[in-house]
Amino acid sequence: MKSPLNSYYSLFRSLVCGRCSYLIFFVTSKCNARCKMCFYWREIADAHARKILSLEEIGRIARNFKNLIYVSITGGEPTLREDVDEIVYRFYASSGTRFVNITTNGLLPERTEQIVRSILGKCPALNLKMNLSLDHLGDSHDAIRGVKGAFKNALKTFSMLNLVKRENNQLTISISTVLSSYNKAQIYQLIDYVRDVLKPDAHAIDLVRGDTREDDAKDVTIDEFEKVIEYLKTKKSGKKRLLQSAFDLMLEVHLETLKRKRMILPCVAGKKILTLTDDGYVIPCEILYQRHPAVDCVLGDIRTAAYNINTILRSPKNREVISFIKESKCHCTFGCATLWNIISNVSMYPNIIARTF
């Protein structure tokens, strides 16, 4: 069994240094689902026209990105990229990345297993988290995702990943659920099913956000969200408790953000967190990009910056956007950013530890 101490030491070191330590990378806009609550649907509709970053270009980006401890691979559907395992390896080998999260809809079980085995083989010291989307049970999940057989394939993917996990303790499996108008009435049955039947390492529930494909997707009240959070906390599996404690705290921060309509924790977007689109644009986060169209939140084009992220980070434009976030007290319920805001804030550590033990 591999010791995780070196990886977690690297994580702590990356957090205390002044550099960006977390990259959210939209590796493709192609998707094999048509989710009703999707905030990325416009990019998916335009996927054929986008000039996406090649593997060679991504390698150049990775060589200029030092102490990048965590990379979140998303899309679109990441498993549709044939070279997604090689993309992960580029960051692992060149950027010092030791934690990778890949979000998948689970529609391609065999392909997903192949990718995971390849990544774990190429990157022996990597902590890989597969984040499997599950929004409902049976045909209702299929209806939300817009694909017949989506639920069946998601369960098959989960089962196949569990087999890999038994062979390699570097793999973590998480279930991710989007709370929307389409599943809010039956969400408790789903939580029970995930805990009692699937038993993943963690179960995260995010509130629907952004410019959704269907307008009625966001018909969820704060009270409904709060009840779901409280119920989820009673259903901890006990596995990977530190991870689940961080998720619980993230949800509570989201709830406070919604109730008080203000920034609860300082946001590190543009400093500790960056987002890279599949066609090479660097933004602090997709929420800010969508929410404030009047504010030019594109920090730069990685191609015109000669694939050097430091050129963009040191630019006046980045300082301008960071100031905007701070002065406007920009706030949202974006799980990735909130989780990193928590992890980057040492004062939150006693809270996480207390919840865990």
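Being a predicted model, the structure only gives us computed values, none of them experimental.
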Is a side-chain donor-acceptor pair under 3.5 Å present for [Y] with [X]?
| X | Y | result |
| --- | --- | --- |
| Ser174 | His203 | no |
| Arg50 | Ser29 | yes |
| Ser118 | Asp85 | yes |
| Thr277 | Asp279 | yes |
| Trp340 | Ser21 | yes |
| Thr79 | Glu77 | yes |
| Asn32 | Asn105 | yes |

With a 6.0 Å cut-off (strictly less than), is the heavy-atom count around [atom1] of [X], excluding the residue itself, greater than 12?
| X | atom1 | answer |
| --- | --- | --- |
| Glu56 | CD | yes |
| Arg34 | CZ | yes |
| Lys152 | NZ | no |
| Phe158 | CZ | yes |
| Lys148 | NZ | no |
| Asp83 | CG | yes |

query: Would you say the side-chain atoms of Ser181 pair up with the backbone N or O of Asp216, donor to acceptor, closer than 3.5 Å?
result: yes
- prompt: With no hydrogens and no angle check, is any side-chain donor or acceptor of His141 less than 3.5 Å from a backbone partner on Asp135?
  reply: yes
In terms of side-chain geometry, is the basic nitrogen of [X] or [Y] positioned less than 4.0 Å from the acidic oxygen of its partner?
| X | Y | value |
| --- | --- | --- |
| Arg60 | Glu57 | no |
| Lys165 | Asp201 | yes |
| Arg303 | Asp301 | no |
| Lys317 | Glu320 | yes |

task: Please assess Glu286 against Arg209 for the test salt bridge (Lys or Arg N to Asp or Glu O under 4.0 Å), listing each intermediate value before the final yes or no.
output: CA-CA 11 Å; Glu286 68 266 21; Arg209 57 185 172 83; 3.6 Å; yes
Considering non-hydrogen atoms only, spot the tightest contact between [X] and [Y] and give its length.
| X | Y | answer |
| --- | --- | --- |
| Pro284 | Cys297 | CD-O, 3.1 Å |
| Thr212 | Val208 | CG2-CG2, 3.6 Å |
| Tyr349 | Ile342 | CE1-O, 4.1 Å |
| Cys330 | Met263 | O-CE, 3.2 Å |
| Ile175 | Leu198 | CD1-CD1, 4.2 Å |
| Leu126 | Gln170 | O-NE2, 3.0 Å |

Side chain to side chain, [X] and [Y], heavy atoms closer than 4.5 Å:
| X | Y | answer |
| --- | --- | --- |
| Cys20 | Ile309 | no |
| Lys156 | Glu110 | yes |
| Lys227 | Tyr188 | yes |
| Ser95 | Arg90 | no |
| Leu55 | Ile87 | yes |
| Asp219 | Lys184 | yes |
| Ile102 | Lys129 | no |
| Leu23 | Phe65 | yes |

- prompt: Considering the options Ile119, Thr28, Val27, Asn131, which one meets the side-chain contact (heavy atoms from CB on, under 4.5 Å) requirement together with Ile73?
  reply: Val27
- prompt: Among Asp206, Leu134, Asn101, which one satisfies side-chain contact (heavy atoms from CB on, under 4.5 Å) with Ser176?
  reply: Asp206
field: Charged tip of Lys36 within 45° of Tyr182 ring normal and under 6.0 Å
entry: yes
query: Would Arg98 count as a cation-pi partner of Tyr70, with NZ or CZ less than 6.0 Å from the six-membered ring centre and within 45° of the ring normal?
result: no
message: Measuring from atom CZ of Phe99 to atom CD1 of Ile343, what distance do you get when rounded to the nearest 0.5 angstrom?
response: 9.0 Å
- prompt: Yes or no on ring pair (Phe, Tyr, Trp, His ring centres under 6.0 Å) for Phe26 and Tyr40, after CA distance, side-chain angles and deciding distance?
  reply: CA-CA 10 Å; Phe26 286 77; Tyr40 201 64; 4.7 Å; yes
message: Under the criterion side-chain contact (heavy atoms from CB on, under 4.5 Å), I'd like the reasoning laid out for Thr157 against Leu108: C-alpha separation, chi angles, the key distance, then a yes or no.
response: CA-CA 7 Å; Thr157 298; Leu108 302 173; over 6 Å; no
- prompt: Taking a hydrophobic cluster as the set of Ile, Leu, Val, Met, Phe, Trp and Tyr residues connected by side-chain heavy atoms closer than 4.5 Å, whether directly or through intermediates, do Phe151 and Leu107 fall within one such cluster?
  reply: no
- prompt: With hydrophobic residues grouped by side-chain heavy-atom distances under 4.5 Å, do Phe39 and Val147 end up in a single group?
  reply: no
- prompt: Would His48 and Lys30 satisfy side-chain contact (heavy atoms from CB on, under 4.5 Å), going step by step from the backbone distance to the final call?
  reply: CA-CA 8 Å; His48 67 284; Lys30 293 180 180 178; over 6 Å; no
